[in-house]
Number of protein chains: 2
Amino acid sequence: MNISQVSKKYGLSVDTLRYYEKEGLIPPVHRNESGLRDYTEQDCGWVEFIKCMRAAGLSIDTLREYITLYFKGNRTLQKRKNLLIAERDKLQARLKEMQGTLERLDYKIRVYEEKIVQCEKELLKKRKSK
Amino acid sequence: MNISQVSKKYGLSVDTLRYYEKEGLIPPVHRNESGLRDYTEQDCGWVEFIKCMRAAGLSIDTLREYITLYFKGNRTLQKRKNLLIAERDKLQARLKEMQGTLERLDYKIRVYEEKIVQCEKELLKKRKSK
DNA sequence: GCTTGACTTGGAGTAAACTCCAGATATTAC
DNA sequence: GTAATATCTGGAGTTTACTCCAAGTCAAGC
């Protein structure tokens with residue numbers, strides 16, 4: 001799979017794909033004979049994982065640290081687990097806060113609906129009274 | 001309430017408070033005789049609202065647009081409502097995606113726990129066989 | 001009244017995460 | 001075979017959202 005196919009598949013620009021690789025967020029992608037990127041199934045898996053984690057707000061730095069540990073093998077299992085737990089906890093906190101904000105927006109929208117109805121009533125009154 | 005008190009109360013730096021005001025995210029804050037900011041209850045309300053919306057991911061641009069509409073009065077009620085609905089929908093989508101990522105992280109962490117147990121077992125085996 | 005610390009402004013600087021560019025090589029279509 | 005298109009790299013530029021700075025005014029303690 002070449003880079004533009006992967007770009008389409010995951011909705012990341014080719015520049016972003018190269019950037020993630022350059023920054024060490026994903027392992028070096030497999031190349032064909034002439035040096036062009038040829039993403040394997042596994043390469044795609046990493047892209048998908050990073051895309052997902054980035055969308056959830058994990059930083060480039062954190063993700064780079066994770067894959068750096070990953071490449072040090074089994075002796076970093078505990079560290080990687082701890083990193084994931086820390087990020088999970090942060091994500092959970094963000095989610096809770098955002099859930100609250102969603103409810104607040106819902107409430108605000110309902111209030112706007114009432115205000116709009118109210119406003120229309122008043123306009124009607126004014127017209128009648130003329 | 002002076003700016004550093006508001007800063008402490010909401011956990012936003014004084015620079016950020018001034019920046020939000022300069023950018024028109026919050027209405028101009030009340031000043032005392034000598035020109036220093038003296039936040040009213042209402043000013044604080046705006047600060048809290050903007051802080052909350054920013055934390056949920058609404059952009060500076062969007063929030064500026066909202067308060068610009070707000071200051072045009074009742075004839076922008078429908079527009080403001082539509083803006084809030086659009087942002088609510090985006091937030092809801094983000095939340096759903098992030099919820100999925102949270103579950104994925106939870107799963108990954110459980111897998112790590114198993115891997116760690118497995119790894120320790122193997123270490124023990126190696127030691128015994130020596 | 002003077003020093004020390006807080007507040008003011010306009011504008012410059014920074015961090016994170018891309019995004020774009022130039023110049024070179026590779027592939028595809030005709 | 002050649003033109004058009006895609007990919008490569010290193011590095012510069014951009015966007016968003018702050019964050020810091022300088023130079024000046026204001027306020028509180030002694």
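Residue numbers begin at 1 in each chain, while the letters A, B, ... track the order of the sequences.
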Handout entry: Nearest heavy-atom neighbours spanning B:Thr101 and A:Ala56
Key = CG2-CB, 3.5 Å
Problem - OP1 or OP2 of C:dA16 under 4.0 Å from side-chain N/O of A:Arg64 - result: no
Exercise for the section: Please tell me if the side chains of A:Lys96 and A:Gln92 come closer than 4.5 Å, counting only heavy atoms from C-beta onward. Expected result: no
Exercise for the section: Examine distances only and state if a side-chain atom of A:Ser13 and a backbone atom of A:Thr16 form a donor-acceptor pair shorter than 3.5 Å. Expected result: yes
Practice task
For residues B:Leu36 and B:Asn2, determine if any side-chain heavy atom of one lies less than 4.5 Å from a side-chain heavy atom of the other.
Solution key: no
Handout entry: Between C1' of C:dA17 and CD1 of A:Ile26, the distance in whole Å
Key = 15 Å
Handout entry: Between C1' of C:dT25 and CD of A:Glu33, the distance in whole Å
Key = 14 Å
Handout entry: Interatomic distance, B:Glu21 CD vs C:dG10 C1' [rounded to whole Å]
Key = 14 Å
Practice task
Find out whether B:Lys115 and A:Asn74 are in side-chain contact, i.e. whether some heavy atom of one side chain is under 4.5 Å from a heavy atom of the other.
Solution key: no
Handout entry: Between D:dA27 (P) and B:Ile3 (CD1): distance, integer Å
Key = 15 Å
Handout entry: Length of the line joining B:Glu23:CD and C:dT9:P, which is rounded to integer Å
Key = 14 Å
Problem - Separation of C:dC18 P from A:Lys51 NZ (nearest whole Å) - result: 11 Å
Practice task
Please check the phosphate of C:dC7 (OP1 and OP2 only) for any side-chain N or O of B:Asn2 closer than 4.0 Å.
Solution key: yes
Exercise for the section: Describe, in one word, how the ring planes of A:Tyr112 and B:Tyr66 are oriented to each other, choosing from parallel (under 30°), tilted (30 to 60°) and perpendicular (over 60°). Expected result: perpendicular
Practice task
Mark yes when over 12 heavy atoms from residues, nucleotides or ligands other than B:Arg31 sit less than 6.0 Å from its CZ; otherwise mark no.
Solution key: yes
Problem - OP1 or OP2 of D:dT25 under 4.0 Å from side-chain N/O of B:Arg31 - result: no
Exercise for the section: For A:Ser4 and for B:Asn32, locate the closest nucleotide of DNA chain D by heavy-atom distance; then report the residue assigned to the nucleotide nearer the 5' terminus. Expected result: A:Ser4
Practice task
Please state how far atom NE2 in A:His30 lies from atom P in D:dC8, giving the value in whole angstrom units.
Solution key: 13 Å
Completion exercise
Scanning both residues in full, the closest heavy-atom pair of A:Met98 with B:Ala55 reads CG-O, 4.3 Å
Practice task
Would you jot down, in residue-number order, the residues of residues 34-44 of chain A having a non-hydrogen atom under 4.0 Å from DNA chain C?
Solution key: A:Ser34, A:Leu36
Exercise for the section: For each nucleotide in nucleotides 15-21 of chain D, reading 5' to 3', give B when a protein heavy atom comes within less than 4.0 Å of its base, S when such contact involves only the sugar-phosphate, and - otherwise. Expected result: --BBBB-
Handout entry: Within-4.5 Å side-chain heavy-atom neighbours: B:Lys9 and B:Met1
Key = yes
